Amino acid sequence: MLSCKGLVGLSSDLLDGELSLKQRLAVRAHLAMCVRCRRFIRQLRVSQRVIRQLPDADVPELEALLRAMQTQRQRDD
C-alpha cells in the first residue's frame, strides 16, 4: 500500500496526469483511506488553479519597478 510519503512524491505527476495505471490505482486507494492526503491533494489543486489564473509577468516592467525601488531607497538613506 502507498504511504503518505509516497503519495507526496507522486503528487506532481498526479496533478499533471502522468501516472501509470498502477500508480493511479495506488493513489486512489490511499486517498480513499487517508483524510490528510485528500486535504493535501485538494489544496495542491486549489493552488494550481490560482497560479494558472495569475497574469504573466512582463519581466522588463518588473526590472524597471525594482530599479525605481532601489533608487527610492538610496534617496531615503
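Numbers here simply count residues along the sequence, with the first being 1. A quick note: this is a predicted structure, and the numbers were derived from the prediction, not measured.
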### Task
Only counting residues at least two apart or in another chain, list the ones meeting side-chain hydrogen bond (donor to acceptor under 3.5 Å, both in side chains) with Asp76.
Gln72
### Query
CE of Met1: more than 12 outside heavy atoms within 6.0 angstrom?
yes
Extract all donor-acceptor atom pairs below 3.5 Å that involve side chains of residues 4-26 and protein atoms in other chains or at least two apart in sequence.
residue: Ser11; atom: OG; partner: Val8; partner atom: O; Å: 2.7
residue: Ser20; atom: OG; partner: Gln23; partner atom: N; Å: 3.2
residue: Ser20; atom: OG; partner: Gln23; partner atom: OE1; Å: 3.3
residue: Gln23; atom: OE1; partner: Ser20; partner atom: N; Å: 2.9
residue: Arg24; atom: NH1; partner: Leu19; partner atom: O; Å: 3.1

Tabulate below the donor-acceptor pairs under 3.5 Å that side-chain atoms of residues 29-45 make, not counting sequence neighbours, or state none.
residue: His30; atom: ND1; partner: Leu2; partner atom: O; Å: 2.7
residue: Arg38; atom: NH1; partner: Leu31; partner atom: O; Å: 2.6
residue: Arg38; atom: NH1; partner: Ala32; partner atom: O; Å: 3.3

### Query
Say you draw a straight line from CZ of Arg67 to CD of Gln70; how long is it, rounded to the nearest 0.5 Å?
8.5 Å
